[in-house]
Amino acid sequence: MRYLPLSDSDRSAMLKVIGAGSIDDLFQDVPEEARLTGAIRGLPDHATEMDVERQLKAMAGKNMVAGDVPFFLGCGAYRHHVPASVDHLIQRGEFLTAYTPYQPEIAQGTLQMLFEFQTQVARLLGCEVANASMYDGSTAMWEAIGMAHRITRRSRTIISAGVHPHYVSVARTMAKFTGDTLETSLPELSAATDAEALIASITDETSAVVVQYPDILGRIADLTPVAEAAHAKGALLIAVVTEPVALGLIKSPGEMGADIVVGEGQSIGVGLQFGGPYVGLFATREKFVRQMPGRLAGETVDAEGKRGFVLTLSTREQHIRREKATSNICTNSGLCALAFSVHMTLLGEKGLRQLASLNHARASEVAERLAAIPGVKLVNDSFFNEFTLRLPVEARPAVHRMVAAGVLGGVSLGRLYPDAKALENGLVVAVTETATDGDIDAFEAALKEAVQ
Amino acid sequence: MRYLPLSDSDRSAMLKVIGAGSIDDLFQDVPEEARLTGAIRGLPDHATEMDVERQLKAMAGKNMVAGDVPFFLGCGAYRHHVPASVDHLIQRGEFLTAYTPYQPEIAQGTLQMLFEFQTQVARLLGCEVANASMYDGSTAMWEAIGMAHRITRRSRTIISAGVHPHYVSVARTMAKFTGDTLETSLPELSAATDAEALIASITDETSAVVVQYPDILGRIADLTPVAEAAHAKGALLIAVVTEPVALGLIKSPGEMGADIVVGEGQSIGVGLQFGGPYVGLFATREKFVRQMPGRLAGETVDAEGKRGFVLTLSTREQHIRREKATSNICTNSGLCALAFSVHMTLLGEKGLRQLASLNHARASEVAERLAAIPGVKLVNDSFFNEFTLRLPVEARPAVHRMVAAGVLGGVSLGRLYPDAKALENGLVVAVTETATDGDIDAFEAALKEAVQ
Amino acid sequence: MSANPSGWRPSAPANQSAETPTVTGNRALMLEEPLLFEIGSIEQTGVDFDAPSSTGHKLAGLERTGEIGLAGLSEPETMRHYTRLSRQNYAIDLGLFPLGSCTMKHNPRLNEKLARLPGFADIHPLQPQETVQGALEVIDSLAHWLITLTGMHSVAMSPKAGAHGELCGLLSIRAALEARGDKREVVLVPESAHGTNPATAAFCGYRVENIPATAAGRVDLDALKARLAPDVAAVMITNPNTCGLFEPEMKAISDAVHAAGALVYCDGANFNAIVGKVRPGDLGIDAMHINLHKTFSTPHGGGGPGSGPVVLSEALTRFAPLPYVEKTADGLRLVEEEAAIEQASESFGRMVAFHGQMGMFSRALSYILSHGADGLKQVAEDAVLNANYILRSLEDVLDAPFGHSGPCMHEALFSDKGFAGGLTTIDVAKGLIDEGYHPMTMYFPLVVHGAMLIEPTETESKAGLDQFITALRSIAERARAGDESLKAAPIYAPRRRLDETLAARKPVLAYRTPAPDGAEGGGEATAMVGGG
Amino acid sequence: MSANPSGWRPSAPANQSAETPTVTGNRALMLEEPLLFEIGSIEQTGVDFDAPSSTGHKLAGLERTGEIGLAGLSEPETMRHYTRLSRQNYAIDLGLFPLGSCTMKHNPRLNEKLARLPGFADIHPLQPQETVQGALEVIDSLAHWLITLTGMHSVAMSPKAGAHGELCGLLSIRAALEARGDKREVVLVPESAHGTNPATAAFCGYRVENIPATAAGRVDLDALKARLAPDVAAVMITNPNTCGLFEPEMKAISDAVHAAGALVYCDGANFNAIVGKVRPGDLGIDAMHINLHKTFSTPHGGGGPGSGPVVLSEALTRFAPLPYVEKTADGLRLVEEEAAIEQASESFGRMVAFHGQMGMFSRALSYILSHGADGLKQVAEDAVLNANYILRSLEDVLDAPFGHSGPCMHEALFSDKGFAGGLTTIDVAKGLIDEGYHPMTMYFPLVVHGAMLIEPTETESKAGLDQFITALRSIAERARAGDESLKAAPIYAPRRRLDETLAARKPVLAYRTPAPDGAEGGGEATAMVGGG
Ligand SMILES: Cc1ncc(COP(=O)(O)O)c(C=O)c1O
Ligand SMILES: Cc1ncc(COP(=O)(O)O)c(C=O)c1O
């Protein structure tokens, strides 16, 4: 087998050194009855590279590739062009096949990169510090709720109706077991967010208010009033960003007073990948750093006084603190963090701003065109690159009809909120720099057809 | 522009250091009238990565991809499965973006690889030494004729009718200018090669006899009699191998007495690439090494006595010997040599033999099946993975008819020998490990149809 | 402006010792690399964009006006920055990476290639299901093989890493207990367990108690039995355990646990030792996570991403998280809409925004198909053989605390007993760095003093192991002889030992642009000198 | 058995100096790597094959029975072997690579990606033309832009590198001369020309004579005119020339050459300096090769492959080699069948088996489209700016023989004048290695003593150049001061200076398996000690 270097003669020589008669002697601790004797049921023997490639290609071939069709999906995962150099660099064996940088003298590459990533994330989100990544945006949000609980010693969290329903779902799952109380609600198909209602519901027992920015329907609202209201009651503001490209154009949550800002970094460098691996962003105020989950790279010096980087503040972490850790996370999303960081470095502030402007301009054009389709209404009066339409028909079947026309034309709210009658005509449309004029024409035509 | 790091302020600062008022001052030696003033005609300004990708993808999309259809072409370029690790390794920046290893202390990677490549090639071809690569098989063959000329001080070369007609064409082009005389002929659609005729035509003026093995029709013949006949008259035997995988199963030309063995290495590691870049293999006897063209890596030691490698015997080469060099070659095919070497290392002798056996077995099956089609005759009684059929109809249009059925069904001799009536029904078919049962069925059906 | 416009800055004082006399601080191919923020600028970019043909005005007046501070580099500079950084890393592609418990095995590039097929890499998680049938097929096939290999009843595919899998398992257990109205409070965990085990249990609201171990490094069954009581919700066992030993009484443990009304969680991080040889399902366990980034070779990527599917017993299956894939008459269906689904009403809920680590699934499936039935079994056998070879080749110079109790499984455990002159495990580890190796796992498991846990994996050749053994033997001999010079190791790495205390005492977690002209700035820590 | 079954062998005597005290010979991340033949074996393989379902028997009795001696490695070992080797290389991805005349610029990975599209990478050169229209479109588009950029009449796309392009150009010239019945025998070449120029001329059967140069490093027009006579077939000029200077009298040279009935070949290796700024066609040249692997950034790959299309004047067009692409009513057509084509009857013939370096064409086209009209012009300007910046920043410490004659073009030329203590160009070059740079081109062009030819290219940043200037300045100062220690450089590279004399005197060009048990074998050279 091509991946296994030992030859049979190596094996016998080694058994001799060990003093064992056969390989099975090494498995002597496994009770006889627990040993598998036959082959693994149904699994053929090892296959050639060509054969495996054929099998997987056949599966890949059954999917409709976003890049092959007019494509307008968002809702937490965005399709941006990722420069070829990003994928080249993350495939460098020294990045790809390294472990967590536990031995800093021979892991400065990963450590410095993480330090840079943390800096980029902190600056983008408008915070003082960021960690070395979480699994994804949804788990980052849950961890933020837990962190707020530790900081405020309160357990009631208000989650805005504008938060991605899957993120809310994750939080709800966790809360069932940790005894946290979550106040959640469904969004409305209106231009206004639920900021006022949120503010009204904050009490002295509120640990945190969680808002998404831009929210699930694409709406943008100033976070300052919510932040002030939360702080006035001793609660924290947690902001969730699922489309970090937006922050090249609009104010960061940190600037507006958010105490913890989490996000999904997929949109920069990582690609769609059917939902994973993605990369959770997690940033906060310096004073909260010891309550933060996840790994942190920090600056230090070596024995000769040269600057270097190490994993630090690990007394927060499971491998040191065990049951008292701030989180159980161990493996995080390092390589996606690298992809994010490389792409962000290529963009730089200038490129990020250009990219964001282009997205917003393009989305504005498309919103205008689609809203001109008879019966179709634009819900938003603010958005970045994603907005919601109210269709004259149920959106979920309309999406399927567009598929039949070869167009991936947005996410129906019916898919995200299967039980919410009031939302069933909602269609969330994301438009990025990857949409061509032809794509937009095709989408417009398909949607026209689908709502008839 | 994304590839250009200088900013405008860098540029002014640098001009100041230089003491120039403007960039155009630096071009002062270019006469006014020779300076281009406007933009380059018809060329748009710089384009985004996404845009360039779209343009090139559109072109790529117009080609019929070998891997997407039943595919049976050979005649000097063979489609084998190349393991994914080969492409990964040749894309390592340290290999891909290095220059010729002129500074050996920081080019041991390339130099050791070339030394290993030379060893692999020499052993595969059955020779004592090999060089660090030529452009491709056809130029390697021409260089071999030139080298034989230098060794024997004779200028008449006999080229077997079994040599690839494009290779002959290249030799003919060069000979027009160097005053070499080539004796060439057309192949016949028969099982026997022209070995006897060759032997008969060797004289005391013959510098070399050139034979291809397996030949353009796929035939295999013992080279020993030709070698002996050539040597008896003081001439050299040059053997050409366009499908090196064959040498995992059949005797090497070196073993049979060839003095210079050249080849096309494309078949191992390199891929089809519409004809280039490929990699010329060049091997010979140690005693001829100072007449060899091309670069050579050799072993030596460093100032501390450690083994290391350098480019050596450069007194043969243009940069030292200028007009007295053995060849004008400078840039060769280093990265393809690396691909060849990595693939060969993965194969090893064991894998190469397995691969060769599989090719021969598969080709034998297909030959049998196709020869059973009414009117179709198998020309060969010997072959490796490629054989020639005599169709009941002209082969060139039959190939086009198969294309219409979605099958790339071999190379017609009409394409290779456009004026040779006697060959026009010949179809050369190559079968490698990449052909599936389904491919073979489709091919059989398409050919049946095409010869009706 | 937050990025340093003056460009390159040496990170070490020039000419500070005879060993680094270069002006640049570089040492030939070992290149120093400044921070991105020291070489980039907010004006620089490595991408081109077309100018927007119009401008939008829907930003609710929230335009970001201030400087963000994101330094950019042109593409050539970016290539160099990261290429140079990468060269300061050790990796599996460079050599043996025997980090115990981490299963650092060869990462086939075939898997990288296949995961990048547009049909996998360029599909959106919320595409209509009829457009992603191939992706669901990957999930379903991988699920099938994981169930088959473990002999379990079902598998939850969405957990994103091992620890997340533990969470999934414990939540399933808790959901099952609650479903039967059983409120239990304690989870028992061996002291040797990985830190994620107690952390996860605590996260799920359980109190963690230790299970004692025998002198042979196994769970003390009698002690365990004695502790089992109605307050115990679950027992978390690692098998093979973190000492590299198989728990021979696993079935008896499971039976006892079940008899006490509790459930058995198995940490499957060490599945590599037994894949194709033993099915955890035959040992009575209820839930086990599988680290695809260990046993099934998806690359570690310098810390992640991973993927931690959890196989479940029949008892736990109906509590499994959403989403999951099911076969229907019209093809595969992703069951995700919680509220709408009758049959999933007992699911404990959703763990992640989408469907798990698709990019890891395709790699792991490729790995499984490549190895096949014979190959997977060989994986376990060779992994165990390699570990025992190391154990027996070094036990004369390194103390093997459980060496007497028989063969180990996939990793060999040594202690620092016998080292002289104050030398300890870390000195041996750092010595290995100079020899061209990544060190073993140090000081874990906690049950052994100065633990050195060596996991070679099956993808190492005998010749490679022999060289490693020679190197480690020589270092071990130096450690036993109290050779002071080991304390200075590593001397050839890009950095000497780093001051971790300083890092934690004065955390500098993000770059702070130095104040102009030498005024006090955030970079001050770089001027301090500390010992390793 | 030709491969060494015993596996790893240190390539250096253990513990030979205080600087390498490791047992393995490794120095942390700088890893020693044995030869493939020392670690592999003929039994080992890194690929799997299905067993053939039948066996063929058509081998004419020529089965290869003896051992070939091809050592194999498993895939993990292969990855490490080549990854480790790669790390012993310097490359553009690591830093400045200022090899004059070589135009080592950034290689965009976009181009690598596009060249690998199956539509380009997985098509056979002999596929029916209707199945490769997109490939022909690439050739045709690239041809169009090369013609446009050079202002010439046509282009021959098949030459495989610069030297092959020279051959193409000279053969076209010779064919044209012969077509008019003109047998000329001499080609004039400046002494500063690249070695391929005279080598090519000689290969085409011409006698080579030198053209004298002026004190300002240009062609001496008067001397050239004096030599022009009916025996002169062509003049080969490099412009910008290899001293990095533009030939201001190029048009006058061309006119004079044409007046004498000869033709002008231009070596276009240095086209990078003038792309988008000057069209060679406006200077009266007849043929010029373009190194796509220089100006158009296809990667050098450690020595190749390259691609050397040749642009031709109208006078030479009909002699161009086959194949070429033409537009027809049914699409693009590859004209290759020599005998059948009326219109190509004057073509001098075929130069390569197929159609040239397709893989380089797609990359070069991507490069041209990416840069566009503004970008290409900027390329030339920045390349020239960077070179002049180096020239002027160092001319106080390094002698610039033509520095007085005005600005240089894309490369800065220095000599070793002023070095003391027997130090010379090579010592400066090796000193740069320790500083983390690839040296400049040494001892070329031949017209300058101890030449150091520095070509930074446009893809270097100012900060990067500043660091390089600082490093080279310090080395130059040491060279002027006669600092002996420079002779020991490099000290940090994977190897110290290598003994090239030994290599040439006792060539060892292939691995020879050592005779068993210390008997005399082919490996003996490794035991000798030589000085650098
Ligand atoms: C024994 C053990 N359990 C659990 C884990 C946690 O897995 P992960 O890092 O994927 O979260 C690890 C690995 O780090 C481990 O070694
Ligand atoms: C001036 C000059 N001419 C010709 C050549 C030859 O080009 P190639 O190496 O592509 O054959 C080179 C490059 O090596 C060169 O620098």
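- Side-chain contact check for A:Ser85 and C:Tyr82: no donor-acceptor pair (N or O, by modelled atom type) lies under 3.5 Å.
- Using a 4.5 Å cut-off between heavy atoms, A:Glu53 touches chain C through backbone and side chain atoms alike.
- Within the 4.5 Å cutoff, the side chain of C:Ile68 has no heavy atoms near those of the A:Ser252 side chain.
- With a 4.5 Å cut-off on non-hydrogen atoms, C:Leu283 touches chain A through its side chain but not through its backbone.
- The residue among C:Asn388, C:Val278, C:Thr83 with the most heavy atom pairs within less than 4.5 Å of chain A is C:Asn388.
- When heavy atoms are compared at a cutoff of 4.5 Å, A:Ser382 approaches chain C by way of both its backbone and its side chain.
- In this structure, the portion of A:Glu365 lying under 4.5 Å from any heavy atom of chain C is its side chain and not its backbone.
- Residue contact with chain C, scored on non-hydrogen atoms closer than 4.5 Å, involves the side chain of A:Val403 exclusively.
- Applying the ring-ring contact (aromatic ring centres under 6.0 Å, His included) test to A:Tyr3 and every residue at least two apart in sequence or in another chain returns C:His106, C:His371.
- Heavy atoms closer than 4.5 Å to chain C are found in both the backbone and the side chain of A:Ile250.
- Ring geometry for A:His166 versus C:Phe354: interplanar angle over 60°, hence perpendicular rather than tilted (30 to 60°).
- Separation of atoms CG (A:Leu338) and OG (C:Ser86) is listed at 9.5 Å; rounding is to 0.5 Å.
- In this structure, chain C has a heavy atom under 4.5 Å from the backbone of A:Asp25, while its side chain stays farther away.
- Most heavy-atom pairs under 4.5 Å with chain C, from the set A:Gly298, A:Cys75, A:Ser333, A:Pro31: that is A:Ser333.
- Ion pairing of A:Arg11 with C:Glu381 is absent here, as no side-chain N (NZ or NE/NH1/NH2) approaches a carboxylate O to less than 4.0 Å.
- Of all the heavy atoms in A:Ala13 and C:Lys462, the pair that sits closest is CB-CE, 4.1 Å.
- Of all the listed residues (A:Leu296, A:Thr315, A:Ile320, A:Leu124), the one sharing the greatest number of non-hydrogen pairs under 4.5 Å with chain C is A:Leu124.
- In this structure, chain A has a heavy atom under 4.5 Å from the side chain of C:Pro490, while its backbone stays farther away.
- Residue contact with chain C, scored on non-hydrogen atoms closer than 4.5 Å, involves the backbone and the side chain of A:Leu358 alike.
- In this structure, A:Glu349 contributes its side chain and C:Gly69 its backbone to a donor-acceptor pair below 3.5 Å.
- If you take NE2 on C:His164 and OH on A:Tyr135, they are separated by 6.0 Å, rounding to the nearest 0.5 Å.
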Run the side-chain contact (heavy atoms from CB on, under 4.5 Å) test on A:Thr119 and C:Leu35 for me, step by step, so that the C-alpha distance in whole Å, both residues' side-chain angles and the decisive distance to 0.1 Å come before the verdict. CA-CA 11 Å; A:Thr119 306; C:Leu35 282 165; over 6 Å; no

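- Rounding to the nearest 0.5 angstrom, the gap separating the CZ atom in C:Arg495 from the CG atom in A:Asp302 is 6.0 Å.
- Only the side chain of C:Arg392 comes within less than 4.5 Å of a heavy atom of chain A; its backbone N, CA, C and O stay farther away.
- Of the residues considered (A:Gly19, A:Ala325, A:Ala77, A:Ala132), A:Ala77 shows the highest number of contacts with chain C, using heavy-atom pairs under 4.5 Å.
- Proximity to chain A (any heavy atom under 4.5 Å) is shown, for C:Leu245, by neither the backbone nor the side chain.
- Residues A:Asn63 and C:Gln127 fail the side-chain proximity criterion, which asks for heavy atoms closer than 4.5 Å.
- When heavy atoms are compared at a cutoff of 4.5 Å, C:Leu99 approaches chain A solely by way of its side chain, counted from C-beta outward.
- Both the backbone and the side chain of A:Leu355 come within less than 4.5 Å of a heavy atom in chain C.
- The greatest number of non-hydrogen atom pairs below 4.5 Å with chain C, out of A:Val411, A:Thr139, A:Leu4, is found for A:Leu4.
- Contact of A:Glu264 with chain C is not made at all, since no heavy-atom distance falls under 4.5 Å.
- Scanning for ring-ring contact (aromatic ring centres under 6.0 Å, His included) contacts around A:Tyr167 gives A:His164, with sequence neighbours left out.
- Ranked by heavy-atom pairs under 4.5 Å with chain C, the first of A:Glu255, A:Glu128, A:Glu433 is A:Glu255.
- A:Ile220 and C:Ala60 get closest at one heavy-atom pair: O-CB, 3.7 Å.
- Contacts between A:Val17 and chain C at a heavy-atom distance below 4.5 Å involve backbone atoms as well as side-chain atoms.
- A:Arg92 touches chain C through its side chain: at least one heavy atom from C-beta onward sits under 4.5 Å away, while N, CA, C and O do not.
- Only the backbone of C:His57 comes within less than 4.5 Å of a heavy atom of chain A; no side-chain atom from C-beta onward does.
- Here the closest non-hydrogen pair linking C:Leu59 and A:Phe384 is CD2-CA, 4.5 Å.
- Residue C:Tyr389 touches chain A through both its backbone and its side chain, counting heavy-atom pairs closer than 4.5 Å.
- Contact check for A:Glu105 versus C:Lys430: side-chain heavy atoms found under the 4.5 Å cut-off.
- At distances below 3.5 Å, at least one donor-acceptor pair connects side-chain atoms of A:Gln112 with backbone N or O atoms of C:Glu33.
- Each of A:Thr178, A:Asp381, A:Val129 has some count of heavy-atom pairs under 4.5 Å with chain C, and the biggest count is that of A:Asp381.
- More than 12 heavy atoms of other residues, nucleotides or ligands sit less than 6.0 Å from atom CZ of A:Arg35.
- Residues C:Phe203 and A:Gln318 have side chains not in contact (no heavy-atom distance under 4.5 Å, counting atoms from C-beta outward).
- Contact annotation for C:Gln44: only backbone heavy atoms (N, CA, C, O) come within less than 4.5 Å of a heavy atom of chain A.
- Side-chain N or O atoms of A:Thr300 include one that pairs as donor or acceptor with a backbone N or O of C:Asp499 at under 3.5 Å.
- Residues C:Asp122 and A:Arg79 form a side-chain contact, since some pair of their non-hydrogen atoms from C-beta on lies under 4.5 Å apart.
- If you measure heavy-atom distances from A:Ala34 to chain C, the contacts under 4.5 Å come from both the backbone and the side chain.
- Contacts with chain A were tallied for C:Arg87, C:His438, C:Gln133; C:His438 has the most, counting heavy-atom pairs under 4.5 Å.
- Put simply, the side chain of A:Leu335 reaches to within 4.5 Å of the side chain of C:Pro305, judged on heavy atoms.
- The parts of C:Ala135 that come within reach of chain A are both its backbone and its side chain, each placing non-hydrogen atoms under 4.5 angstrom from that chain.
- Heavy atoms closer than 4.5 Å to chain A are found in both the backbone and the side chain of C:Leu369.
- For the pair A:Leu43/C:Thr148, no side-chain contact is recorded, criterion being any heavy-atom separation below 4.5 Å from C-beta on.
- Between C:Phe348 and A:Phe177, the ring planes lie perpendicular to each other; the angle is over 60°, past the 30° to 60° tilted range.
- Inter-residue side-chain proximity for A:Glu116 and C:His81 is flagged as met; some heavy-atom pair is nearer than 4.5 Å.
- Looking at A:Ala221, the atoms closer than 4.5 Å to chain C (heavy atoms on both sides) all sit in the backbone: N, CA, C or O.
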In sequence, state the C-alpha distance, the side-chain angles, and the governing distance for C:Thr45 and A:Gln354, and then conclude on side-chain hydrogen bond (donor to acceptor under 3.5 Å, both in side chains). CA-CA 10 Å; C:Thr45 180; A:Gln354 288 176 322; 5.0 Å; no

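- Contacts of C:Lys251 with chain A are absent, with no heavy-atom separation under 4.5 Å from either backbone or side chain.
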